[in-house]
Every structure is written in structure tokens, then in C-alpha cells.
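Worksheet for the structure shown next.
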Amino acid sequence: MTSPQRTFASASALAEAEDPAQAAARRFRQAMGRFLTGVAVVTACGPDGPHGTTVSSLASVSLTPPMLLVCLSRESYGAEVIARSGTFTVNVLGSNQSELAGWFATSGRPRGAEGFTGVPHRSGSTGGPVLTGALTHLDCRVDQVIPAGDHVVVIGEVGDIGIAEETDPLAYHQGQFQRLR
């Protein structure tokens, strides 16, 4: 009599076998991580003061009128602040601003003015914080908010644009902030 042969799966293989939706999301995230993107901090003013969140999902939508889109987690405080205020500012970060990107990507950071302590900024035309040293900032009024899975796509009409001196942008690739040079 022969005994049945046993095989042992890795913990990740078991997790994938148990939850196909999570496995698909993880695989999709891995695939999209291979796409090099820029990094921006989207800011707005809420009832408890300024708020900012790091994004890499940013795209131009239209030249006339100038419009762009950002994607935010549907459950995020940033999405709530932008929906309430009806305005937001996109701050495109330079290669020397990875710490700032990391700070605004941290979910447990303080809300309101306390979250901006030590972060040099000024108010833009819509009231959203314009981060000192950003390559460019775009002050926007919300045109549309479109639910999309676990995110919302926020389309904004650009009202004011600021462009700083030429410098390299901060990039994001495979879960890491990168310098291009």
C-alpha cells in the first residue's frame, strides 16, 4: 500500500486560492506598478483645515477648457474634502520631494493644519495649499465626480496654473519613488 503524496503550497499560493478577488487585485497592482508615473499631492481645504494626499493617477482630459482628472479612494478623507469644497489643487512634485510624497501618502498623519506643520506652502486661488517647491500647481474646480470601483475619478476644470523653474519630476515605479537621473 502506498501513501498519498503530499504537496505544500506557499502562504501566498494559499491566500490566492482562498480569495480570487484579492489575488486578482494584487496581480493588477503588480502589473500597473510597472507603469512609470509622476507623483502629485492633491490638496484642498476642509472643515478642519487643509488636507493633502499623494496620487499617481493624474491625467489631462481637455485643453479647451483645460481639464484634468485625479483618482482617489472612494473611502478616503481627501475625496470627502474635495466633494465638500468643490475645489482642489494638484501639486506636481520634483525629484527632491520624495519625503513630502511619503508624508502625504501616510494614512495615519494628522488632519487639518497639524498635517501641514513644517510643510512650506501658501494658499492657491481656490484656497487649496500650493506646496513650495512643486514643479507646477493647478488650481481646479470640480466638474464631475465619477464612481469607478473602489475609487472616484474627479474631473476638474483648471483655473490657475503655476509653473516653477525647470527641474526633474519625482517618479513612481514598482512601489518606490524614483529619480529619473
Side-chain angles (χ1 to χ4, degrees), residues 25 28-29 31-95 97-107 109 111-112 115-116 119 121-164 168-178:
F28 182 66
R29 182 180 200 125
M32 293 309 298
R34 294 176 183 259
F35 180 65
L36 179 72
T37 67
V39 182
V41 173
V42 176
T43 60
C45 275
D48 58 355
H51 179 75
T53 189
T54 300
V55 301
S56 58
S57 296
L58 164 68
S60 62
V61 172
S62 169
L63 292 175
T64 307
M67 299 177 92
L68 58 77
L69 67 79
V70 296
C71 298
L72 302 166
S73 173
R74 186 184 290 224
E75 302 298 320
S76 71
Y77 183 65
E80 180 184 322
V81 169
I82 289 169
R84 281 187 185 174
S85 70
T87 62
F88 62 98
T89 301
V90 174
N91 296 271
V92 177
L93 301 185
S95 62
Q97 294 181 301
S98 60
E99 285 184 28
L100 194 60
W103 172 249
F104 285 109
T106 304
S107 61
R109 73 187 177 285
R111 288 187 179 177
F116 279 79
V119 176
H121 67 282
R122 64 175 176 79
S123 289
S125 64
T126 59
V130 174
L131 304 178
T132 302
L135 296 179
T136 190
H137 76 272
L138 304 111
D139 285 313
C140 304
R141 297 210 175 278
V142 174
D143 182 72
Q144 294 179 55
V145 177
I146 303 164
D150 58 0
H151 278 61
V152 292
V153 178
V154 181
I155 299 176
E157 185 169 345
V158 179
D160 187 41
I161 301 171
I163 301 173
D168 289 334
L170 182 61
Y172 190 71
H173 184 252
Q174 293 190 316
Q176 300 289 319
F177 296 120
Q178 308 281 331

Please report the closest heavy-atom contact between [X] and [Y], naming both atoms and the distance.
X	Y	value
Arg109	Thr53	NH2-CA, 3.9 Å
Ser76	Ala79	OG-N, 3.1 Å
Asp160	Ser125	CB-OG, 3.4 Å
Val39	Ala101	CG1-CB, 3.9 Å
Gly127	Cys45	O-SG, 3.0 Å
Val153	Ala148	CG2-CB, 4.1 Å

Got [X] and [Y] here, is their nearest side-chain heavy-atom distance under 4.5 Å?
X	Y	result
Phe116	Phe104	yes
Val154	Val142	yes
Thr89	Val42	no
Glu157	Cys140	no
Leu69	Leu58	no

Determine yes or no for a side-chain-to-main-chain donor-acceptor pair under 3.5 angstrom, with [X] supplying the side chain and [Y] the backbone.
X	Y	answer
Thr87	Arg141	no
Asp139	Gly159	no
Asn91	Val41	yes
Thr136	Gly162	yes
Arg74	Gly149	yes
Ser60	Ser62	no
Ser57	Cys71	no
Ser85	Val81	yes

Gap separating the [atom1] atom of [X] from the [atom2] atom of [Y], nearest 0.5 angstrom:
X	Y	atom1	atom2	result
Thr132	Gln97	OG1	CD	9.0 Å
Leu93	Leu131	CG	CG	7.0 Å
His151	Leu72	NE2	CG	7.0 Å

Report the C-alpha distance between Asp143 and Met67 in whole Å, list the side-chain angles of each, state the deciding distance to 0.1 Å, and finish with yes or no for side chain to side chain contact (heavy atoms under 4.5 Å, CB included).
-> CA-CA 9 Å; Asp143 182 72; Met67 299 177 92; 3.3 Å; yes
Option passing side-chain contact (heavy atoms from CB on, under 4.5 Å) with Val90 (candidates Leu68, Val130, Thr43, Val158) | Leu68
Identify which one of Asp168, Leu170, Val92, Ile163 satisfies the side-chain contact (heavy atoms from CB on, under 4.5 Å) criterion when paired with Leu135.
-> Val92
Please step through side chain to side chain contact (heavy atoms under 4.5 Å, CB included) for the pair Ile82 and Tyr77, ending with a clear verdict.
-> CA-CA 9 Å; Ile82 289 169; Tyr77 183 65; over 6 Å; no
